[in-house]
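These notes are about the structure you will find just below.
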Amino acid sequence: MANTSAYAKVNGLEMYYEIHGAEHDTGRPLVLLHGGVLTIGLSFAAVLPALAAGRRVVAPELQGHGRTADTERAMTVPNLASDVVALLDELGIGQADFLGFSLGGLTALEIAVRHPERVGKLVLASTQYAQDGYHDDVRTPDYTSPRLPSEADFQEMAEAYAAVAPHPEHFQDFLGRCTAAAHAPLPWSADDLRGLAMPTLLVVGDTDFVRVEHAAEMQGLIPDARLAVLPATTHIALMRRTELLMPAVTEFLG
């Protein structure tokens with residue numbers, strides 16, 4: 001249960017967000033950015049209690065996701081990042097640590113590249129910096145692949161959307177927009193990653209969308225980066241593997 005939940009007017013959105021943990025803590029908060037088609041709960045329910053122990057956690061729902069209604073505006077990584085920065089401005093947060101998963105990781109990386117002064121520490125989970133970082137069976141979806149969400153996973157996403165979305169009947173359109181956003185060309189170069197100065201933790205599963213070799217390449221490019229590869233872990237399972245994930249994340253964030 002969130003300590004606080006509210007909506008903020010940012011960039012033409014009524015953006016839903018939650019604050020968990022030490023709401024009035026004066027230290028650097030942690031911003032959680034969920035995955036595509038997911039909600040705060042679907043992405044972070046397993047890890048939120050530990051992450052919010054002793055610090056303030058801010059968790060928005062991105063354009064069209066969860067309780068944040070979609071608009072006619074294109075759903076792009078730069079637009080999503082601009083929304084998060086605008087929300088932090090509304091909340092009076094100058095700098096935060098970020099944990100982004102999948103589409104949320106792309107959003108966090110865009111903030112780190114364009115607004116490095118806003119990012120203390122950066123955790124990128126299941127995040128690529130170029131589209132060739134995805135496995136071929138993800139780029140051209142092969143739904144027999146163990147990497148991809150199962151029918152039960154998609155049903156869980158649809159039910160979560162139906163439970164909270166302002167327009168639950170739009171799920172299929174929303175799914176298509178998210179897929180297009182996730183597979184669009186990404187706006188970074190290797191030099192952009194070489195320019196990142198903040199401590200960075202990269203986390204992927206060994207059966208993730210993102211190739212382990214690509215994550216290792218990112219680690220080599222980002223000057224102060226660590227890489228954790230979780231064994232026997234798919235993309236969907238990654239944020240739920242608390243026994244493997246949380247020791248790495250909590251030690252990194254401090």
Side-chain angles (χ1 to χ4, degrees), residues 1-2 4-20 30-48 51-52 57-91 96 98-111 123-128 138 148-149 152-184 186 209 235-240:
M1 179 69 75
T4 299
S5 62
Y7 291 83
K9 294 181 184 296
V10 297
N11 297 340
L13 296 180
E14 293 280 342
M15 190 177 208
Y16 175 82
Y17 68 93
E18 298 177 358
I19 296 177
H20 294 255
L30 174 65
V31 176
L32 299 183
L33 300 177
H34 60 75
V37 196
L38 304 179
T39 60
I40 296 166
L42 277 184
S43 283
F44 298 121
V47 298
L48 248 172
L51 292 173
V57 172
V58 179
E61 288 183 329
L62 303 173
Q63 176 187 342
H65 290 76
R67 300 158 185 83
T68 300
D70 206 352
T71 69
E72 294 300 316
R73 186 189 68 172
M75 189 182 293
T76 68
V77 168
N79 282 345
L80 299 178
S82 174
D83 297 339
V84 175
V85 171
L87 174 65
L88 297 183
D89 289 342
E90 284 288 314
L91 297 177
F98 286 79
L99 190 168
F101 169 61
S102 196
L103 181 61
L106 301 179
T107 304
L109 179 54
E110 172 71 1
I111 295 168
V123 182
L124 300 176
S126 300
T127 303
Q128 77 281 18
V138 177
L148 292 179
D153 293 326
F154 279 117
Q155 183 64 29
E156 186 178 36
M157 295 176 202
E159 289 174 357
Y161 184 85
V164 299
H167 301 287
E169 69 278 7
H170 292 172
F171 179 73
Q172 288 301 325
D173 290 341
F174 163 68
L175 180 60
R177 282 166 62 77
C178 287
T179 300
H183 290 273
L186 295 173
F209 290 0
H235 185 79
I236 290 293
L238 188 135
M239 294 306 304
R240 302 170 183 177

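This is a predicted model, so every value here is computed, not measured.
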Open item on the list: Among residues at least two apart in sequence or on other chains, which ones pass side-chain hydrogen bond (donor to acceptor under 3.5 Å, both in side chains) with Ser126?
Closed with: Asp208
Task: Those residues that, when tested against Glu90, pass salt bridge (charged side-chain N to carboxylate O under 4.0 Å, His left out) (two or more places apart) - done: none
Open item on the list: Distance check, rounded to the nearest 0.5 Å: Phe154 atom CZ versus Leu148 atom CG?
Closed with: 7.5 Å
Task: ring-ring contact (aromatic ring centres under 6.0 Å, His included) against Phe171, all qualifying residues, sequence neighbours excluded - done: Tyr161
Task: Heavy-atom side-chain proximity of Leu91 to Tyr17 below 4.5 angstrom - done: yes
Task: Residue pairs, two or more places apart or on separate chains, that pass salt bridge (Lys or Arg N to Asp or Glu O under 4.0 Å) and touch residues 154-172 - done: Glu156-Arg240
Task: Pair Glu18, His20: side-chain N/O donor-acceptor within cut-off below 3.5 Å - done: yes
N/O donor-acceptor pairs under 3.5 Å from side chains in residues 62-71, not counting sequence neighbours:
{"residue": "Gln63", "atom": "OE1", "partner": "Arg73", "partner atom": "NE", "Å": "3.2"}
{"residue": "Gln63", "atom": "OE1", "partner": "Arg73", "partner atom": "NH2", "Å": "2.6"}
{"residue": "Gln63", "atom": "NE2", "partner": "Asp70", "partner atom": "OD1", "Å": "2.9"}
{"residue": "Gln63", "atom": "NE2", "partner": "Arg73", "partner atom": "O", "Å": "3.0"}
{"residue": "His65", "atom": "ND1", "partner": "Gln63", "partner atom": "O", "Å": "2.8"}
{"residue": "His65", "atom": "NE2", "partner": "Val37", "partner atom": "N", "Å": "3.1"}
{"residue": "Arg67", "atom": "NH1", "partner": "Glu61", "partner atom": "OE1", "Å": "3.2"}
{"residue": "Arg67", "atom": "NH1", "partner": "Glu61", "partner atom": "OE2", "Å": "3.1"}
{"residue": "Thr68", "atom": "OG1", "partner": "Tyr16", "partner atom": "N", "Å": "2.9"}
{"residue": "Thr68", "atom": "OG1", "partner": "Glu61", "partner atom": "O", "Å": "2.7"}
{"residue": "Asp70", "atom": "OD1", "partner": "Arg177", "partner atom": "NH2", "Å": "3.2"}
{"residue": "Asp70", "atom": "OD2", "partner": "Arg177", "partner atom": "NE", "Å": "2.7"}
{"residue": "Asp70", "atom": "OD2", "partner": "Arg177", "partner atom": "NH2", "Å": "3.4"}
{"residue": "Thr71", "atom": "OG1", "partner": "Arg73", "partner atom": "N", "Å": "3.2"}

Open item on the list: Given 3.5 Å as the limit, does a donor-acceptor pair link the side chain of Ser82 with the main chain of Pro78, or not?
Closed with: no
TODO: Look up atom OG1 in Thr107 and atom CG in Leu80, then write down how far apart they are to the nearest 0.5 Å.
DONE: 4.5 Å
Task: Nearest atoms (heavy-atom pairs only) where Leu124 meets Ala108 - done: CD2-CB, 4.0 Å
- [ ] Give the C-alpha distance, both sets of side-chain angles, the deciding distance and a yes or no for side-chain contact (heavy atoms from CB on, under 4.5 Å) between Leu109 and Gln128.
- [x] CA-CA 9 Å; Leu109 179 54; Gln128 77 281 18; over 6 Å; no
Open item on the list: Test of understanding: with side chain to side chain contact (heavy atoms under 4.5 Å, CB included), list the residues that count as partners of Ala96, not counting sequence neighbours.
Closed with: Pro29, Val31, Ile93, Phe98
Task: Residues forming a side chain to side chain contact (heavy atoms under 4.5 Å, CB included) with Ala74, sequence neighbours excluded - done: Thr76, Asn79
Open item on the list: Which residues pass the salt bridge (charged side-chain N to carboxylate O under 4.0 Å, His left out) test with Asp173, not counting sequence neighbours?
Closed with: none
Task: Gap separating the CG atom of Leu42 from the CD1 atom of Ile236, nearest 0.5 angstrom - done: 8.5 Å
Open item on the list: List the residues meeting side-chain hydrogen bond (donor to acceptor under 3.5 Å, both in side chains) with Ser102, not counting sequence neighbours, and say none if there are none.
Closed with: His235
- [ ] Looking only at non-hydrogen atoms, find the nearest pair between Ala165 and Pro168 and report the distance.
- [x] O-CD, 3.3 Å
Open item on the list: Which residues pass the side chain to side chain contact (heavy atoms under 4.5 Å, CB included) test with Ala181, not counting sequence neighbours?
Closed with: Met75
Task: Shortest non-hydrogen contact from Thr127 toward Gly100 - done: OG1-O, 4.0 Å
TODO: Can you spot which of Val77, Leu38, Leu33 makes a side-chain contact (heavy atoms from CB on, under 4.5 Å) with Leu103?
DONE: Val77
- [ ] Measure the shortest side-chain to side-chain distance between Leu32 and Leu30 over non-hydrogen atoms and say whether it is less than 4.5 angstrom.
- [x] yes
Open item on the list: With a 4.5 Å cut-off on side-chain heavy atoms, are Thr179 and His183 touching?
Closed with: yes
Open item on the list: Let's go through His34 and Phe101 carefully: what are the C-alpha distance in whole Å and the side-chain angles of both, what is the deciding distance for side-chain contact (heavy atoms from CB on, under 4.5 Å) to 0.1 Å, and is it a yes or a no?
Closed with: CA-CA 6 Å; His34 60 75; Phe101 169 61; over 6 Å; no
Task: Residues in side chain to side chain contact (heavy atoms under 4.5 Å, CB included) contact with Ala86, at least two apart in sequence or another chain - done: Val10, Asn11
